[in-house]
Amino acid sequence: MFTEFKDTSLLKFIDYFDSDQVCLNYLAKYKHSKEYECKKCGHRHFWPGKKMGRVCKSCRYSESVTANTLFHKLKFNLRKAFYILFEMSTTSKSVSSIVMAQKYEITQKTAWLFMSKVRRAMSSSGQFSLTGQCEVDELLSGGKRKGKTGRGAANKEKVAVVIEKQGKTGVKRMYALRIANFSTEQLGRLFSKHISPEAEITTDLWSGYKPLKKVYKITSQKSDPGENFNLIHRCIQQLKGWLRGIHHSVSGKHLQGYLDEYCYRFNRHSSKDTAFDSLVQRMIMHPPVPKKMLDQLYCLST
Ligand SMILES: [Zn+2]
């Protein structure tokens, strides 16, 4: 009988996922939860295929459990993939692809490619906009580069961040979006993707936010270190620390993936037990990402 794995205990995880077959059954359960429709011809009837796959009764197209998902063409066994998913979703910081490669006896490039796919699955759909008390601010990433500091800094990656507060001292959810600059148009991308017009938003006095007041309820406040924006500043410091600590030199083209990974875990801090199971489901529902696309992004330093 199928039971969803909802726990953060590594020992329980090891006991549950003790073979590739168990992992395959787990994936098949989610893959086959949708009504069957042949990917090639749209026919709705199938024969059971090898390894829990399905074969179209009309065109005989054989679809494996992992085909057309982010597990497509997986280079190592499923059990290792499940362990990586467990680490990336339930540990507080996860690890770099270098460490992951050593732990699971795969090459660093293979680890990196798979983890990049996982980050795609972790990316927010933007369907559940923040509606409560929010704060928005920005950060610059890539501290080693010389140049001006503050919003005018060149050659640094720019990120817009929003948090939704919970009570006076808690943070319910957080999203971060890589932006090209601090213009209204670019900041507006964060708002339209993650913030509802109903939300009550506080920002600092940056002029880029002003035109957004036509659509959003924004209160501007002078930023006074130690006095206000403490929560969002703390969230930003933690995010920056994580980026620096685990992924020494995250270049621009990779940055959004790391931001998505960080926010995925952050937003599940109070429901860690379901983080793994929901990540598996996202991996199964997500179309494959062509290797060519990821190869272009591959970077040894991460
Ligand atoms: Zn078919």
Side-chain angles (χ1 to χ4, degrees), residues 1-6 13 16-89 97 100 104 106-107 109-128 193 253-254 256-257 260-261 264 268 274-298:
M1 202 191 78
F2 177 80
T3 339
E4 292 151 350
F5 183 83
K6 290 185 175 172
F13 188 84
Y16 189 114
F17 297 102
D18 60 355
S19 70
D20 283 333
Q21 188 59 49
V22 172
C23 301
L24 189 67
N25 293 348
Y26 204 88
L27 291 188
K29 182 76 193 169
Y30 287 125
K31 174 85 180 244
H32 301 332
S33 64
K34 285 187 297 187
E35 204 187 328
Y36 176 78
E37 187 181 337
C38 173
K39 280 278 183 302
K40 297 281 176 208
C41 74
H43 193 70
R44 297 203 176 255
H45 301 280
F46 64 91
W47 290 294
K50 280 184 205 158
K51 292 189 173 178
M52 320 276 297
R54 288 175 165 183
V55 180
C56 172
K57 278 193 175 177
S58 172
C59 75
R60 302 189 177 238
Y61 167 65
S62 166
E63 186 177 351
S64 70
V65 172
T66 53
N68 305 308
T69 75
L70 282 175
F71 293 100
H72 189 61
K73 291 189 176 164
L74 187 69
K75 287 264 189 53
F76 44 91
N77 63 45
L78 264 182
R79 199 161 157 240
K80 289 184 183 182
F82 269 48
Y83 274 66
I84 293 173
L85 291 176
F86 185 70
E87 293 221 35
M88 287 181 78
S89 57
S97 59
M100 210 67 103
Y104 298 107
I106 51 181
T107 68
K109 182 170 182 179
T110 300
W112 187 88
L113 286 170
F114 182 68
M115 290 170 79
S116 299
K117 292 178 187 177
V118 178
R119 288 185 192 109
R120 295 293 172 103
M122 288 173 152
S123 151
S124 157
S125 63
Q127 281 176 350
F128 305 100
K193 184 161 187 195
K253 58 192 176 185
H254 303 122
Q256 189 60 50
D260 290 341
E261 178 186 344
Y264 182 88
R268 283 157 189 80
T274 58
F276 164 78
D277 180 66
S278 86
L279 187 55
V280 170
Q281 293 189 45
R282 282 166 171 245
M283 294 285 292
I284 277 286
M285 299 307 166
H286 198 294
V289 180
K291 182 171 176 292
K292 223 168 144 190
M293 208 162 120
L294 292 169
D295 266 340
Q296 287 165 0
L297 291 174
Y298 175 62

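For this chain, numbers begin at 1 and follow the sequence in order. Remember, it's a predicted structure, so these values are computed and weren't measured experimentally. In listed order, ligands and their atoms are each counted from 1.
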Point to revise | Main-chain N/O of E4 paired with Y16 side-chain donor or acceptor, under 3.5 Å | key: no
Check your understanding: In chain order, what residues pass the salt bridge (Lys or Arg N to Asp or Glu O under 4.0 Å) check against K117, with sequence neighbours excluded?
Key -> none
Practice item. Sorted by first residue and then second, give each side-chain hydrogen bond (donor to acceptor under 3.5 Å, both in side chains) pair with at least one member in residues 74-89; sequence neighbours left out. Key: E87-K103, E87-Y104
Review point. Do any N or O atoms from the side chain of K29 and from the backbone of T3 form a donor-acceptor pair under 3.5 angstrom?
Key: no
Exercise for review: Return the set of residues passing side chain to side chain contact (heavy atoms under 4.5 Å, CB included) with D260 (not counting sequence neighbours), or none when no residue passes.
Suggested key: S123, Q256
Revision key, fill the gap. Distance filter < 2.8 Å from the Zn ion (ligand 1), protein N/O/S hits 4
Practice item. Could you tell me how the ring of F114 sits relative to the ring of F76: parallel (under 30°), tilted (30 to 60°) or perpendicular (over 60°)? Key: perpendicular
